Participant: 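Take a look at the following structure, please.
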Amino acid sequence: MNKRKEEEQKMTKPLLEVKGLKKYFEIRGGVFGRKTGEIKAVDDVSFTVREGEILGIVGESGCGKSTTGKSILRLIEPSAGEVTFAGRKITHLDSEELRKLRKNMQIIFQDPYASLNPRHTVEKIIGEPLLVHKTISAEERKKRVKELLEVVGLSSYHASRYPHQFSGGQRQRIGIARALANHPKLIICDEPVSALDVSVQSQILNLMQKLREEFQLTYVFIAHDLSVVKHISDRVGVMYLGGLMELADKDKLYTGPKHPYTQALLSAVPTPDPDDVRERIILKGDVPSPANPPTGCVFHTRCPQAMDICKTVKPVFEEVEDNHFVACHLFVM
Amino acid sequence: MSAEKNNKQGQKLPLTNPATLDSHSDEDDIEETSPWKDTCKYLQKNRFAITGCLIILFFVLFGFLAPLLTSYSYQGQDLANRLQPPSSEHWFGTDDVGRDIFTRIAYGARVSMQVGFFAVTGALVFGTLLGMIAGYFGRWIDTIISRIFDIVLAFPSILLAIAIVAILGASLQNALIAIAIINIPIFGRIVRSKVISLREEEFIMAARAQGMKNGRIIFHHILPNSAAPIIVQATLGFGTAILDAAALGFLGLGAQPPTPEWGAMLAASRDFIQLAPWTLIFPGISIMLVVLGFNLIGDGLRDALDPKMKN
């Protein structure tokens, strides 16, 4: 068992390692703007992403998925923790080193209507990352832009148009082309399809899968739609109130969820068959405020299987089975 | 040349993708355009902007060709013919010391256009720069710059201008500097607020994610998107700058007599408003027309710079 695991890990070395990532937003108030509290948007998240895989991260809104994604890229400065990308710690890089590293790690944003500069033509939007990293000449850049447009399923005559002349799906394709421009290794996809129509969602998902194979990309795929994540991911992590609850291979997670939150979440996925009556786990109450999270396990206030220990001791996020991580006292030996 | 070649290739491409449903590939879209050319083209279609351009062009020519248009001197007094109503000899009449008003307006076009242009340009450049820095970098930089703006705005603007001119010495040039300074916070605050809202936009985060430097983000992404309020304020500021210069001139701190500055002419003739209204009407109309002209151009520019207004 152990041997196989080691071999597997050797074969696919981790491209991204996140250790103890935290992001606390300060709440300031009062006359002098003193710090009166903090919102624990991301609280101690750790995971690794192997080269070439797609790691899905799901969770309800406000659980810190997007903040996690943006903190990895340091678009939001993390409060604590360590991010290692391709063997290099990036949490302490200065702005110039970080700027150069941006070639290799990219992001696709959620809202294609907000993530493209309305005053720039498509050519400028896609060409700009090439320009700022000075990798190729102006002539080559033009060619590369047209090439990228075709890669994402647009046409080269779209280059001279402005973003407002495109539909949401087309804009998202432009966003993808921009992310691809400098041949990145890792792309953080921050809910890339949740703002799109269902019919367009599948087109974009298929495109992203095609691109991953074509360019050997690694994705961290953030979404709140369980079926979307199931469709595209190799492994899936479930977040709740700033923390990872469970992380496992897709099939393991969807067929045998361990954490009570994951179980409740999966039981809420609608099925197309109206006769299929399943037992739904209905959680009571609301998600607690991240400004004042519960002590111990953050989920204990709503957990149907909560024990006394859950109220006081925070469960450790650890491997309970081969490649199956859970943060829950039920599974501590 | 090569762009044309590429475009031809683009045209030949089969539209295989379902995403490219809009298959109108009209010639205009393929044509290689620069933003500058686009803007000019759009301006030409805007009748109001054209009118504004014509008005300004008219006054510029009026100023330049002043010596050819009139045989009078703008400073020669003729006390026998003081306060004459408009006639074939004096088209716009004469003022209280018998100077031909038409001549003074023609020469005054030079002065007033200069006043407006330099005062607004100075305020615009420094105000925008300071506003950008304050809005983009925030924290203590913002606090310092914003408090300076507040201090400047706390004074009645004309009082501050008087103080500045008193320090620098009375001349048209110093009046210009004073007017520019009192207008800096007005531009600065508009730009700052716009930048603060833009800074949170996702496309700015996207620009950072691409690895762009602050300078590039500010000048290529934030500045073009905050152009509209700057342009509108600049065109409005043009009028107030001319009037401020007039007020300073009236107090003897701006254009020194006999310089034919429109505002000063207006101020000097207010005693004769009932006796000889033409002394007031013609400089007043000139100021109004120039301000109107710049406003029309400004409106046109604002629309022309916004890609969403095209097509």
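On a predicted model such as this, the values are computed, not experimentally measured, just so you know.
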Participant: More than 12 non-hydrogen atoms from neighbouring residues, nucleotides or ligands closer than 6.0 Å to NZ on A/K89, yes or no?
Facilitator: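 It does not: A/K89 NZ has 12 such atoms or fewer within range.
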Participant: Which one, A/K103, A/R178, A/H133, leads in non-hydrogen pairs under 4.5 Å with chain B?
Facilitator: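 Ranked by contacts with chain B, first place is A/R178.
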Participant: How about CZ on A/F215, more than 12 heavy atoms from neighbouring residues, nucleotides or ligands closer than 6.0 Å, or not?
Facilitator: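 Atom CZ in A/F215 is packed in, count exceeds 12.
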Participant: Please find the pair of heavy atoms, one from B/A206 and one from A/S115, that lie closest to each other, and give the distance.
Facilitator: CB-O, 3.8 Å
Participant: In this structure, are over 12 heavy atoms from other groups packed under 6.0 Å from A/Y113 atom OH?
Facilitator: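 Check passes, neighbour count above 12.
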Participant: Step through the shown structure and confirm whether more than 12 heavy atoms of other residues, nucleotides or ligands are within 6.0 Å of CZ on B/R139.
Facilitator: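 Open.
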Participant: Checking the side chain of B/R208 only, and the main-chain atoms of A/L75 only, is there a donor and an acceptor separated by less than 3.5 Å?
Facilitator: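 Checked: pair present.
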Participant: Working to the nearest 0.5 angstrom, can you tell me the gap between B/M205 CE and A/K70 NZ?
Facilitator: 4.5 Å
Participant: Is A/K124 in contact with chain B via its backbone, its side chain, both, or neither, using a 4.5 Å heavy-atom distance?
Facilitator: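 Contact with chain B involves the side chain of A/K124 alone.
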Participant: Check each atom of B/R216 against the heavy atoms of chain A and say whether the ones under 4.5 Å are side chain, backbone, both or neither.
Facilitator: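 Only the side chain of B/R216 comes within 4.5 Å of chain A.
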Participant: Keeping the roles fixed (side chain from A/H120, backbone from B/H220), state whether a donor-acceptor pair exists under 3.5 Å.
Facilitator: yes
Participant: At a heavy-atom distance under 4.5 Å, which candidate from A/E128, A/M105, A/Q106 has the highest pair count against chain B?
Facilitator: A/E128
Participant: As an exercise, state the distance from CD1 of A/I125 to NE2 of B/H221, rounded to the nearest 0.5 Å.
Facilitator: 9.0 Å
Participant: Is the CZ atom of B/R189 crowded by more than 12 outside heavy atoms at less than 6.0 Å?
Facilitator: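 Atom CZ in B/R189 is not crowded, with 12 or fewer foreign heavy atoms closer than 6.0 Å.
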Participant: For chain A, find which of B/A207, B/G211, B/P224, B/A227 contributes the most heavy-atom pairs closer than 4.5 angstrom.
Facilitator: B/G211
Participant: Measuring heavy-atom distances to chain B, does A/L131 have an atom under 4.5 Å in its side chain, in its backbone, in both, or in neither?
Facilitator: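 Side chain only.
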Participant: State the CG-CG distance between A/N117 and B/L198, to the nearest 0.5 angstrom.
Facilitator: 9.0 Å
Participant: Find the distance between CD (B/Q210) and CD1 (A/I107) and round it off to the nearest 0.5 Å.
Facilitator: 10.0 Å
